Amino acid sequence: MSALNLVPLPVSVDLIGTPPFALDDKVVIVADPAATEVAEVAAKVLSQTTGLTLPVASTSEGGDNAREIRLVLPPQGAVDEGALDMSDEAYRLEVTSDLVTLSATTPRGLNWALATLRQMVTPGEDGGWVIPAALVEDVPRFPWRGLSMDVVRSFYTVDEVKTVVDLLATYKMNTLHLHLTDDQGWRLEIPGREALTEISGVTAGAGGDAGFYTVEDFADIQHYAAARGVTVVPEFDLPGHTNAATHVYGELTPSGEPTPAYDGAKVGFSKLYPDLPATEPFLRDVINSMAEQTVGPYIHIGGDEALEMDLGNYNELVTMAEKIARETGKRPVAWQEAAGAGLPGNMIYQFWDPRLTREDMAKAVSEGGQLLLSPANHVYFDMQYDADTPHGQDWSGYVELRDSYEWDPGTQVEGVPEEDVVGVEATVWTEYIHGFDAMTYMLLPRLAAAAEVGWSARRALEWESFAGRIAPESAWWNAMGVNWHRSPGVDWK
Ligand code: ACM
């Protein structure tokens, strides 16, 4: 056990025992050219933590009294995100009395070193700030640690999404999955199909906000996220959850009439029809545009809860979507129901509903697929904490912080070994979560638990340890100005 309060718990922490590094306004952040963007993020995060404004420089000033925070990358530093290579995320953080060195093979790894550094900054005895002398070496257990955010039932602004990105990066979570289309609205501009956002961008679930991201907004979110080590995965949910599309295009329905707008919270009633001539061109236009707009290597094609569809039609449409997505060069991801559709290997299936059978997933994995784990009873953050929670729902039971923490991604699906699990993704569905205060209240503190489950070695997962280390994080949430829930069992500061 380390004496530092770090979440997620690193692989190795050695306290060096020499005097701490004094963090004051004479400290300079010195970054390799390829690390300049991370250095700017570091200046911002450390300013938010301490109130200090630290300059960023590209070369060391030297001199006997110089105290520096150095960001170091190897000269090559190339990232192949599609390879899901965890060593791309490894980092080393060394703190001595006069030098802090963050090193990694990629800017993403440097962001994770920064996340650790931020948690090590503590008030000094004489009023300033100090960082204890230590060596931290770290690498994640799973390569995918993320959050799926429903921006359809209730829309969240670009700035709000950026704050969620800040929270993800804080806990070394590398993926933001945006659920952009559903029955109640359409949230991403599709050039050539502007009617989608003109008509379904102004609708939402009852009580939720409406809106949509322009092409420029989506690029802006992705750029902000990338600078913080976070990849954005867009989702076009089909063939169910498609009322916002059929509300715009009557040609997607057998009657030729558009369906009415829907602001309720029922699921499973909407569908697409593989035999209608407009269907495939529609899928092609949307998937191609999403792929073109997306920097990262993945595209999510939905596949959940097509409850009123004939299975043959369902399989045909999911197969069509998978093929179109694959042709864009992106790797497709789908909810667990698609595991029964006989898709080609190399899909990532997202396990979410513990009530459904897991046999299809085990079979799909044995044929080359992989699993992303979002078990609702642990990491669905729209689940209420308890009977008094003013937001969210409870179909998978109450989910307190401890429930989000105490589970093992290595053993969730019988017949699927740990090496076929890409990682952990929490979700937050917004039928009953309205406004950003409600959003962060549902995310915090559970997001940190999901992050540790995805990052830290299995042997390290002990609730008492986590409860002790998470307590001081409330000061950071307060500094960020975000609302959070006082989960029981933690001695919150
Ligand atoms: C889901 O919760 N329908 C994936």
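Every number for a ligand or one of its atoms is a count from 1 in the order of the listing. These numbers were taken from a predicted model, which means no experiment stands behind them.
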Taking atom types as modelled, find out whether T170 and W476 have a side-chain donor-acceptor pair closer than 3.5 angstrom. yes
Which heavy-atom pair separates S474 from W492 by the least distance, and what is that distance? CB-CE3, 3.9 Å
Distance-only donor-acceptor check, side chains R187 and S200, under 3.5 Å: no
Do E452 and Y405 touch side chain to side chain, with heavy atoms closer than 4.5 Å? yes
Contacts table for ligand 1: protein N or O within a distance under 3.5 Å of ligand N or O, distances only.
unit_1, atom_1, unit_2, atom_2, d
ligand 1, 2 (O), Y380, OH, 2.6
ligand 1, 3 (N), D304, OD2, 2.7
ligand 1, 3 (N), E305, OE1, 3.0

State the CG-OH distance between L147 and Y171, to the nearest 0.5 angstrom. 13.5 Å
Smallest heavy-atom separation, A210 atom then G201 atom, equals CB-O, 3.7 Å
